[in-house]
There are 2 protein chains.
Amino acid sequence: MTGKIPVKQPVKQNARERILDVSEKLFANGSFASVSVRSVTAAAGVNLSAVNYYFGSKQGLFQAVYIRRATLMNHERLRLLYETAEKARAEGRDVSLRELIGAMLTPPIFWLCEEKPGFSLYIRFLARAYLEEASDMDHVLRQEVDVFDKFLPYFRKIKPGLSEKDIYWRIHFMMGVMHHTINHLHRISLLSHKSCKSETAAQTRDRLVDFCCDGF
Amino acid sequence: MTGKIPVKQPVKQNARERILDVSEKLFANGSFASVSVRSVTAAAGVNLSAVNYYFGSKQGLFQAVYIRRATLMNHERLRLLYETAEKARAEGRDVSLRELIGAMLTPPIFWLCEEKPGFSLYIRFLARAYLEEASDMDHVLRQEVDVFDKFLPYFRKIKPGLSEKDIYWRIHFMMGVMHHTINHLHRISLLSHKSCKSETAAQTRDRLVDFCCDGF
DNA sequence: TACTGTTTAAAACATACGTTTAGAATGACA
DNA sequence: TGTCATTCTAAACGTATGTTTTAAACAGTA
């Protein structure tokens, strides 16, 4: 009503960034093919051609959504790993299995449960992206593999009885538990006939880490 | 060249069945939206309108693919459960955790590894179907939930210390390991830098059961 | 102001999609 | 044989898709 305050469009960030945010959300809930460029641009409030302008193609957009956060998550994993290793060293002991697995699982689970706003969508997006062959996701996995390789020596030290092959299989299984938990978190209530109410991020993480620790 | 033997179209089963087979394969490798009716009918060698003729719609086809095998798999799970329970009773002991989990995981894993030809595709299809919201898969899960409820008393007896909630969470995690293993079996070689060659169905099942047993 | 590169806008393009329709072929049975 | 329901075929319909094109609006700079 004052009619004079220079609003300066406070919400409207970069159009490019807005497209990424919206795509992240839509791709988290639907497959690559089921999300149309038009639905993205409409939800982002930009022109249809903006996607091709900024990302070249729909495919380019999909990969851009991935790239924006992947490196950050894997850095966070390594940060936790080295922080934990340093602490253990200071205390003159080995890193525990629990700490190792926690370092792998905490970033995605915490992000999922909205400790970092907006990132939870990325986690769901990521789990879905694994199934999209159209998006050429092998180099995506490669980045995760590199991170896991950094974890490997610690696992070997804790579990000298296991072969490298055994360890890889178990890491594989761990990722399975995690991705499934992320993708189907809402289904635990269906499975349990509504008796399992939603829990906090830390509780979920602990359940997950417990299960994976024992599995290892 | 004899030109007289009545060939009787030996390969060409029901067109309906052929469509289901082809759809199973295509939906196993791609999302609902990414698989076109035309690609299905072309691969099945039938007319375009056959899908709508037999199944009403693309959606109807998708659900038909699911229904064709779902009941069979869950029956097989229950059969293993009761068979195992009977054997244990005869031996005057409780069912072991290993047997319980084996009964849940053996049918899908064995089918995956082609012990029953053709069914492996269904397993991959199933894991993917969980992600398709378009296909209204809640009543699908409901059927699995009913099966798991049959398992619940046995779990409670073995693990009296666990709450019902704990058990549901662990079943949830188990399904996660299984689905991930099914969907990304080929990726274990990438993860392990090719050191993990493919194993037999029994070996894979054993690894999986081991991991889940310890997690429980 | 005039020039420049960047960003947004509207429209059109060519293709692919799921579905429908009208009719031909088929096979079983009278 | 003729009749009838079932199965298959070809063509078309209307719509939605990813992408391209052309030009206008904008912001910074000399």
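Scope of the values below: all heavy atoms of this structure, side chains included, with no hydrogens, waters or symmetry mates.
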### Message
As a test of reading the structure: which of dG18(D), dA12(D), dT8(C) is closest to the side chain of R38(B), going by heavy atoms?
### Response
dA12(D)
### Query
Of the nucleotides dT7(C), dT19(C), dG18(D), which has the atom closest to the K58(B) side chain?
dT19(C)
Could you tell me the separation between the [atom1] atom of [X] and the [atom2] atom of [N], rounded to a whole number of Å?
| X | N | atom1 | atom2 | value |
| --- | --- | --- | --- | --- |
| F32(B) | dG18(C) | CZ | P | 8 Å |
| N52(A) | dT17(D) | CG | C1' | 12 Å |
| L26(A) | dG18(D) | CG | P | 12 Å |
| L61(B) | dC17(C) | CG | P | 15 Å |
| F55(B) | dT20(C) | CZ | P | 16 Å |
| F62(A) | dT19(D) | CZ | P | 14 Å |

## Note on the structure
Applying side chain to side chain donor-acceptor pair (under 3.5 Å) to T41(A) and not counting sequence neighbours gives none
### Query
Does S36(A) place a side-chain N or O at less than 4.0 Å from the phosphate oxygens OP1/OP2 of dA16(D)?
no
### Task
Answer yes or no: does a side-chain N or O of Y53(B) lie under 4.0 Å from OP1 or OP2 of dT7(D)?
yes
Just distance, no hydrogens or angles: give the donor-acceptor pairs under 3.5 Å from side chains in residues 101-109 of chain A, sequence neighbours left out.
unit_1, atom_1, unit_2, atom_2, d
T106(A), OG1, G102(A), O, 2.6
T106(A), OG1, R205(A), NH1, 3.0

Those residues that, when tested against [X], pass salt bridge (charged side-chain N to carboxylate O under 4.0 Å, His left out) (two or more places apart):
| X | value |
| --- | --- |
| R124(A) | none |
| D214(B) | none |
| E24(A) | R68(A), R69(A) |

### Query
F27(A) vs F125(A) aromatic rings, parallel, tilted or perpendicular, using cut-offs 30° and 60°?
tilted
### Residues touching DNA chain C, which here means a heavy atom under 4.0 Å, drawn from residues 39-50 of chain A
N47(A), S49(A)
